[in-house]
Amino acid sequence: MNASASLEYLDNDRLKQKDTTKYLSELAAIVESSNDAIVSKDLTGHITSWNPAATQILGYSREEMIGESILKIIPRELHSEENAILQKIAAGQCINHYETIRLTKSGEKIDVSLSISPVRDESGVVIGASKILRDISSKRRMEASLIQSEKIAAAGRMAATIAHEINNPLEAVLNLVFLAKANATNAEEVISLLSAAESEIERISHIARQTLGFYREHASVASASLSTLATDAIRIYEPKCKTAGIRIEKNLYSTRQIVMRKGEIIQVISNLIANAIQAMPIAGTLSVSVEDTVTSDCDGITLSVEDTGIGIPREILPRIFDAFFTTRGSVGTGIGLFVAKQFVEGHSGRIEVKSSTNAISHGTRVSVFLPLNNSLSVK
């Protein structure tokens, strides 16, 4: 290579270095001026970079966080999330717009949206992760306020509907009672009037049950296998589980048939499986079992749906069957488990929940016991 060619090569090399330096400088400026927290960590979960927005949102300075574990800003009950995230990142996968909760320096829990991408070295090996964290607390508060307003409005509409629908039969009952009193000496007439009043009262009861969604058609009562219904429900949710990286375990041992309202029990099973999937946004194991059960009171069948999700805090457990109670904000309506409990108890059964938020053995198990003998009959 002659001197001229050598100089040209050196000039091109300097130009490339200059372009790279300019690019890195611009990239650093973007990170520093971003309104979103931009944090990087290694594959052990220790923080390697922390921009000013991260300080503004989470309260910790760069000096306080570099070298610290990312678990410092994750609530204890959500520590299991980090292992799942690191596994995905190590496999070269990205996580986009994952909504969760993080801890500030003051101990406040805030709603955040995370987008996480693997960081690779020059040879393409994943060596860490880059995380963009956006504070969505204000958005969640607005959504919660809107949901509450919608619930109040819906309750108002339902109340108005019920009031309107039962007003006519109530007026009829009052008139019939008045006529019965006016004809007290005519036994045959009184019986006829009271029979008519009884029919109107039954109509009111029918309207109330139908409006609340608990009306049950006797024609829907049939003998069926709980294992078969569970198999059908699992089949419906298998694609969603596959997409979410959720492994399904089936232990459907019972072959017994039980008299039931199939539509209601299918709704119960589907609700429990859907809840379990929502508890595992970043992979996990869904276990569904059906087995014959012998208790001191009676024989029956137990359906269990178990997940390896984050679990339900102990202080919340007593409220999970309350109408309109939900921990999922705009995602949940707070009516699913309430209705499930009504349906199970309508079959003379019972529903129980056990849950743990332990960092190692976290998850929830919901068990439904249905007795072989209940008050239902096939017609």
Run F369 and C298 through side chain to side chain contact (heavy atoms under 4.5 Å, CB included) and show every step you take.
CA-CA 11 Å; F369 173 79; C298 61; 4.0 Å; yes
Could you walk me through whether R261 and H347 pass side chain to side chain contact (heavy atoms under 4.5 Å, CB included), step by step?
CA-CA 8 Å; R261 298 184 183 93; H347 286 75; 3.8 Å; yes
May I have the step-by-step check of side chain to side chain contact (heavy atoms under 4.5 Å, CB included) for I265 and L226, ending in yes or no?
CA-CA 8 Å; I265 299 304; L226 203 55; 3.6 Å; yes
Checking I310 against T357 for the side chain to side chain contact (heavy atoms under 4.5 Å, CB included) test, could you report, in this order, the C-alpha distance in whole Å, the side-chain angles of both residues, the deciding distance, and whether it holds?
CA-CA 6 Å; I310 60 176; T357 57; over 6 Å; no
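Hydrophobic clustering (ILVMFWY, side-chain heavy atoms < 4.5 Å, transitive): L43 and I95 are in one cluster. Linking ILVMFWY side-chain heavy atoms closer than 4.5 Å, directly or via other members, places I136 and L103 in two distinct hydrophobic clusters. Residue L372 is not grouped with residue Y253 when hydrophobic side chains (ILVMFWY) are merged at heavy-atom distances under 4.5 angstrom, including chains of intermediate members. Following chains of ILVMFWY side-chain contacts shorter than 4.5 Å, one cannot reach I38 starting from L133, and the two form parts of different hydrophobic clusters. Using a 4.5 Å cut-off between side-chain heavy atoms of Ile, Leu, Val, Met, Phe, Trp and Tyr, with links allowed through other members, I201 and V177 fall into the same hydrophobic cluster.
At a cut-off of 3.5 Å, with distance as the only test, a side-chain donor of S254 or D292 sits close to an acceptor on the other residue. Side-chain N/O atoms of S367 and S304 include a donor and acceptor closer than 3.5 Å. Side chain to side chain, S137 and D135 meet the donor-acceptor criterion of an N or O pair below 3.5 Å. Using modelled atom types, one finds a donor on one side chain and an acceptor on the other under 3.5 Å when comparing T100 with E81. With 3.5 Å as the limit, one finds no donor-acceptor pair spanning the side chains of D36 and S34. Counted by atom type alone, S225 and Q257 present zero donor-acceptor pairs between their side chains at under 3.5 Å.
A donor-acceptor pair under 3.5 Å is formed between the side chain of H362 and the backbone N or O of G309. Without hydrogens or angle criteria, T55 side chain to Y60 main chain gives a donor-acceptor distance under 3.5 Å. A donor-acceptor pair under 3.5 Å is formed between the side chain of S355 and the backbone N or O of I312. Of the possible polar contacts, none joining the S145 side chain to the R141 backbone as a donor-acceptor pair under 3.5 Å is found. Judged purely by atom type and a 3.5 angstrom limit, H97 has no side-chain atom pairing as donor or acceptor with the backbone of S115.
With rounding to the nearest 0.5 Å, the separation of CD1 in I85 from CG in L114 is 6.5 Å. For the atom pair CH2 of W50 and OG of S61, the computed distance is 9.0 Å after rounding to the nearest 0.5 Å. Expressed to the nearest 0.5 Å, how far CE of M280 lies from OG1 of T308 amounts to 5.0 Å. Between L370 atom CG and I258 atom CD1 the span is 5.0 Å, to the nearest 0.5 Å. Taking CD of Q267 as the reference point, atom CG of L229 lies at 13.0 Å (rounded to 0.5 Å). The structure places CD of E238 at 12.0 Å from CD1 of I246, a figure rounded to the nearest 0.5 Å.
Nearest heavy-atom pair across N374 and S348 is CB-OG, 3.8 Å. Of all the heavy atoms in A359 and S80, the pair that sits closest is O-CB, 4.1 Å. Across all non-hydrogen atoms, the minimal contact from A230 to L303 is CB-CD1, 4.4 Å. Shortest non-hydrogen contact noted between S361 and S356 is O-OG, 3.2 Å. Here the shortest heavy-atom pairing between F321 and F338 reads O-CD1, 3.3 Å. Of all heavy-atom pairs between A37 and I57, the closest is N-CD1, 3.8 Å.
A 4.5 Å side-chain heavy-atom check between D42 and I127 finds every atom pair outside the cut-off. By the 4.5 Å heavy-atom criterion applied to side chains, Y98 and I282 are counted as neighbours. L176 is not listed as a side-chain neighbour of F178, based on a closest heavy-atom distance of 4.5 Å or more. A heavy-atom distance below 4.5 Å is found between the side chains of R140 and E99. The side-chain heavy atoms of V353 and L317, taken from C-beta on, include a pair separated by under 4.5 Å. Within the 4.5 Å cutoff, the side chain of C241 has heavy atoms near those of the I277 side chain. Under the 4.5 Å side-chain criterion, counting only non-hydrogen atoms from C-beta, D299 is in contact with R256. Under the 4.5 Å side-chain criterion, counting only non-hydrogen atoms from C-beta, K131 is in contact with I70.
Counting only residues at least two apart or on different chains, no salt bridge (Lys or Arg N to Asp or Glu O under 4.0 Å) pair has a member in residues 265-282. Here side chain to side chain donor-acceptor pair (under 3.5 Å) pairs that include residues 178-192, with residues two or more places apart or in two chains, number zero.
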What donor-acceptor contacts under 3.5 angstrom involve side-chain atoms of residues 71-79, with partners at least two apart or in another chain?
unit_1: E77; atom_1: OE2; unit_2: K109; atom_2: NZ; d: 2.7
unit_1: H79; atom_1: NE2; unit_2: I74; atom_2: O; d: 3.1

Contacts under 3.5 angstrom, residues 283-290 side chains, donor-acceptor by atom type, not counting sequence neighbours:
unit_1: T285; atom_1: OG1; unit_2: R247; atom_2: NH2; d: 3.4
unit_1: S287; atom_1: OG; unit_2: E249; atom_2: OE1; d: 3.2

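Not a single side chain to side chain donor-acceptor pair (under 3.5 Å) links T231 to another residue, sequence neighbours left out. Partners of R235 by salt bridge (charged side-chain N to carboxylate O under 4.0 Å, His left out), not counting sequence neighbours, listed by chain and number: D232. Every residue two or more places apart in sequence or in another chain that forms a side chain to side chain contact (heavy atoms under 4.5 Å, CB included) with L86 is listed here: K41, E82. A search for salt bridge (charged side-chain N to carboxylate O under 4.0 Å, His left out) contacts involving K240 returns nothing, not counting sequence neighbours. Here R120 pairs with nothing under the salt bridge (charged side-chain N to carboxylate O under 4.0 Å, His left out) rule; sequence neighbours left out. Take K88 and apply the salt bridge (charged side-chain N to carboxylate O under 4.0 Å, His left out) test, not counting sequence neighbours, and it matches no residue. Residues forming a side chain to side chain donor-acceptor pair (under 3.5 Å) with T48 (at least two apart in sequence, or on another chain): S40. Shown here are the side chain to side chain contact (heavy atoms under 4.5 Å, CB included) partners of E108, two or more places apart in sequence or in another chain: T104, S106, I110.
The existence of a salt bridge linking E64 and K105 is confirmed by a sub-4.0 Å separation between a basic side-chain nitrogen and an acidic carboxylate oxygen.
For N35, the CG atom is loosely surrounded, since the number of other residues' heavy atoms within 6.0 Å does not exceed 12.
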